[in-house]
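The structure appears below as structure tokens.
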Amino acid sequence: MPTEDNAKTAVPSAERPNDERYDAQRVETKWSERWQQNPSLYAAEPNSSKRKYYVLEMLPYPSGALHMGHVRNYSIGDALARYMWMNGYNVLHPMGWDSFGLPAENAAISANVPPREWTLRNIANMKAQMNRLGFAYDWAREVTTCLPEYYRWNQWFFLKLFEQGLAYRKKSKVNWCPKCATVLANEQVLSNGCCWRHEDTLVEQRELEQWFLRITKYADELLRDLEKLDGWPDKVRTMQRNWIGRSEGTLVDFKLDYAENHKGFGPAGSTISVFTTRVDTIFGATSVQLAPEHPIVGDLTATNADLRVKVDQLIAEQRKAKEAGDIGEIEKHGVFTGRYAINPYNNEKVPIWVANYILMDYGTGAIMSVPAHDERDYEFAQKYKLEIRLVILPISDDPEETMTEPALPFVSERGMLINSGKYGGLSCQQAMQQMAEYAEQKGFGKATVTYRLKDWGISRQRYWGTPIPMLYCEKDGIVAAPEKDLPVILPEKVEITLTGGSPLSRVPEFVHTTCPKCGGPARRETDTMDTFVDSSWYFYRYTDARNDRAPFDSKTAQYWFGDRGIDQYIGGVEHAILHLIYSRFWTKFMRDLGLLTNDEPVERLFTQGMVIKDGAKMSKSLGNVVSPDEMVARYGADAARLYSLFAAPPDRDLDWQDSGIEGIQRFLGRVYRFFVRNARPNHPDWRKPVPAELSPVARAIQRKLHQTIKRVSDDFQGRWHFNTCIAAIMELVNVLYGADDAIAKKEVPVAFVAEVQRSLVLLLAPFAPYLAHELWEMMGEQGSLLRAPWPKFDAALAKEEEIEIPVQINGKLRGRVTVPAEATEEFVLECALADEKVQAAIAGKQVVKKIYVPGKMVNLVVK
RNA sequence: GCCGGGAUGGCGAAAUUGGCAGACGCAGCGGACUUAAAAUCCGCAGGUCCGAAAGGACUGUGGGGGUUCGAUUCCCCCUCCCGGCACCA
């Protein structure tokens, strides 16, 4: 029988600490080992009797070691997973490795380690780090994208895409990064024209044969379905909307004018196709402007060396502006070609110019220039003294402005057409519609939609990626590898260099094969896939990770994805376009294959802020990198995790301060010491029900406890401000410390102390699992903490009995009164007016208005 | 240029619906314990001014204006910082 006075006897003697100090290293390694020996702890299987919850953090690239951004990301996801477990959900919480990619090749070159070995070693290290940090992952579902068990399904999907005509080969101008020595997708080129991995290296344009995926087939749906994604940050939706860049307009063919002189102008009947969103202004078109790289400019300059020089100058200007990242501010230059085109609406001849502000990669690379109704055209026309012809008059709420000559350029669509032949008098909207219909009737144009989004170029001239399962046969041309031959294994013995094209092309036993159609000799495709293919569907693989007959079982995937996808996805905003648009595309494609029923992969997306130090992004060159290993060694995993949640709300950037994590370490020690002193599982009252009547001290603790339960629970349901959750738990602990004497003097019943401690451990469990488990055990609790029910909020117990009401006079705080929580307005006002300080402040004045905000405050207006 | 987000003590931040600005933590100061230190526990703390003190006055959420009994919160104008997009026709 333990004596009540010696709390330490409650601690099992084998585990008894030397003193009250919390030894995080000892406790954390103990639990970490236990958890690793019991991998089924976090296992999840489809279970129709429970509500499912799929929480996912973006899988890391195994670069070698975790950084603080990872720790923050996974701490958020792990807290949520644990909270959902405690709330009785069937939780899926997996982790994997986005393990193909260029750094492995660089390591092979600089350290002479094979990419596979380097990668697997990094994975082992990072997995150990994750286990030390105590993240609750179901490792039985681990996905490693560089292994054939995974990438064979990339190949399988590629074959399906090819069958459906969604994968195709095309020679085109592509982005080439000289440092990566490979082609990049448009999404991987930064807005300043540099490579996403080499932010100082300008991407070159090369003409190459490449494999493309027809993401544009889904452009409209990708845009439309953004509306459904109300669980995504607006920022990300806006970025995707911009990226897709849908624009409705009209294509209009301008015939080249041959009456003049058609020499060197291509075949007779040639036209210049122009894209415009404002066909209603076409009677005001006074020139046609071509991008300097427009193919017809090539024809033109073939016989005009002088013009060629000038056009080359324009190309150089464009390139330079792109390099400097200010293509928007380039000074407009152009050159008249000496030729004319014919406006099909009025058969007018308009001069053809080449201009540096026309981009070849948008629309058709040619525009009609309407100076009166477009700012850029206006600027250009003024500079080169081109005709400016007004064809729209404004319609405005202000009668003064309506139908009077506007300031130029007048770009609004609220207008009426003039000087526009039979369209005169129509509104802009009417005219756009009728003019597009007319063009279609006469066969010189049509209404159309253009996108900024281009098809996804996935060929990479690199080694460490998924081989593209295609063959080239002299007789049969492009042939798909047969499904039964998958996976096309990536050979291991390869000489890796960053020059000389695809490393695989130098492996004869890989390249030379036989054509499955004719049996003759064939060459394999030696490019590999963009690694964004791997991450486009990996989260489906988690649902059925060991399946060797299919990428995953549809029924299983449907259980976990439901109709709306992953319940909560958490990661950095840097993937807002790349990964998150590819994933959406892949989901729609898989749905159309019949593998899925959901249209979107992710129901709710959370983008956490960056971890910075001293106001700057952590980087080796700045020397401000904080290593998770060091933090864990110095303060423990719980402290590192708790601090990464406490220092800032998760959606904001977090400025790392070592002194801050020290404070968290102190807090954890404080909680621990409270339990060392007050956990007495062998006390006869420990498991008795809490008495209904409590002393005022105990009642105050109870009130605070229930207020804390509410604050923490509400945040998990809603806004995720874990920093304030943790602050609330700290307040509760401060209240407990304040009641220390009362507890020692037994003014607080032991049964109630037990309940408070149990609740406190449960509240702490999502954020600091190690300490929580240790305390749970100290309290003699048997069941798994992970499945222990989340504490229930009781509004009656949280309610204050007395409240303090501030009294303002003319909006300035002048006194306070304490009243019962249910006090009536009359009573509160009476108390307020009776208050000494208030009396003094209103002496000799007249109270003209009394305002009482129930439970909040009193304001007296005096004169 | 356009679209987002932001600016609050010495620092990270809080204030959830227009109602006590600065919770919680860091750093700081004071006290207790200690031979001493560390650790721990308790307390103080936006600024300026008055007061020996208790206490009091004024002021304060990037700047200026407005609405309101009352504004960090709503409206208008402006400055700066971060992110995205950008001659997109």
Side-chain angles (χ1 to χ4, degrees), chain A residues 19-21 191 233-243 245-247 249 274-278 281 289 291 318 321 325-332 355-359 361-370 374-377 379-380 450-452 573-574 576-577 609-610 615 643 646-649 651-664 666-667 669-670 673 711 714-715 718-719 721 723-731 733-734 737-738 740 804-813 815-816 837 848-862:
Chain A
D19 53 48
E20 293 193 352
R21 262 171 118 134
S191 56
D234 286 341
K235 180 168 63 166
V236 173
R237 291 201 285 175
T238 305
M239 282 166 75
Q240 292 213 355
R241 206 170 286 126
N242 288 341
W243 186 260
R246 184 179 199 272
S247 176
V274 152
F275 176 73
T276 176
T277 54
R278 289 297 304 275
T281 65
Q289 303 281 344
Q318 267 190 348
D326 62 354
I327 190 128
E329 279 128 49
I330 188 174
E331 204 195 324
K332 291 181 182 47
N356 64 356
Y357 71 98
I358 310 300
L359 306 172
D361 54 13
Y362 184 77
T364 58
I367 64 153
M368 64 174 197
S369 174
V370 185
D374 183 281
E375 270 174 42
R376 297 150 301 179
D377 296 346
E379 190 188 331
F380 191 85
T450 59
Y451 297 93
R452 218 185 81 107
V573 73
E574 65 273 17
I577 296 178
M610 279 192 306
Y643 178 66
F646 176 69
D651 53 339
R652 291 248 285 264
D653 285 354
L654 184 161
D655 199 343
W656 190 276
Q657 292 179 349
D658 282 358
S659 58
I661 189 172
E662 279 173 29
I664 291 294
R666 274 199 283 271
F667 166 68
R670 205 165 144 85
R673 280 187 298 278
R711 282 179 67 180
D714 283 358
D715 254 307
R719 48 173 214 165
H721 279 195
N723 54 332
T724 60
C725 291
I726 294 162
I729 297 172
M730 287 173 170
E731 283 182 49
V733 171
N734 290 347
Y737 266 73
D740 213 31
E804 197 183 55
I805 301 284
V807 183
Q808 293 184 345
I809 292 173
N810 289 347
K812 295 207 172 183
L813 185 67
R816 298 166 193 283
K837 286 179 186 164
V848 295
K849 196 169 181 183
K850 301 174 196 168
I851 295 146
Y852 175 54
V853 186
K856 298 271 183 178
M857 67 166 348
V858 169
N859 191 14
L860 303 173
V861 184
V862 301

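Values below: all heavy atoms of this structure, side chains included; hydrogens, waters and symmetry mates excluded.
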Nucleic acid footprint by protein, nucleotides 41-46 of chain B - heavy-atom cut-off 4.0 Å, B for base, S for sugar-phosphate alone: SS----

Over all strands shown, is [X] touching base, sugar-phosphate only, or nothing at heavy-atom distances under 4.0 angstrom?
X        : result
A/Lys850 : nothing
A/Met730 : sugar-phosphate
A/Val861 : sugar-phosphate
A/Leu860 : nothing
A/Gly663 : sugar-phosphate
A/Leu813 : nothing

Can you measure A/Tyr357 atom OH to B/rC87 atom P for me and round it to whole angstrom units? 13 Å

[X] side-chain N/O to [N] phosphate OP1/OP2 under 4.0 Å:
X        : N      : value
A/Lys837 : B/rG56 : yes
A/Ser247 : B/rA89 : yes
A/Asn810 : B/rG70 : no
A/Arg376 : B/rC88 : yes
A/Lys849 : B/rC69 : yes
A/Arg719 : B/rA15 : yes

Got a sec: does the CD of A/Glu804 have more than 12 other heavy atoms crowding it under 6.0 Å? yes

Looking at A/Tyr357, is A/Lys332 sitting on its ring face, NZ or CZ under 6.0 Å from the six-membered ring centre and within 45 degrees of the normal? yes

With heavy-atom distances below 4.5 Å as the criterion, would you say the side chains of A/Arg376 and A/Ile358 are in contact? no

A/Asp374 versus A/Arg278: any side-chain heavy-atom pair under 4.5 Å? no

Counting only distance, no hydrogens or angles, is the base of B/rC69 paired donor-acceptor with the side chain of A/Asn859 under 3.5 Å? yes

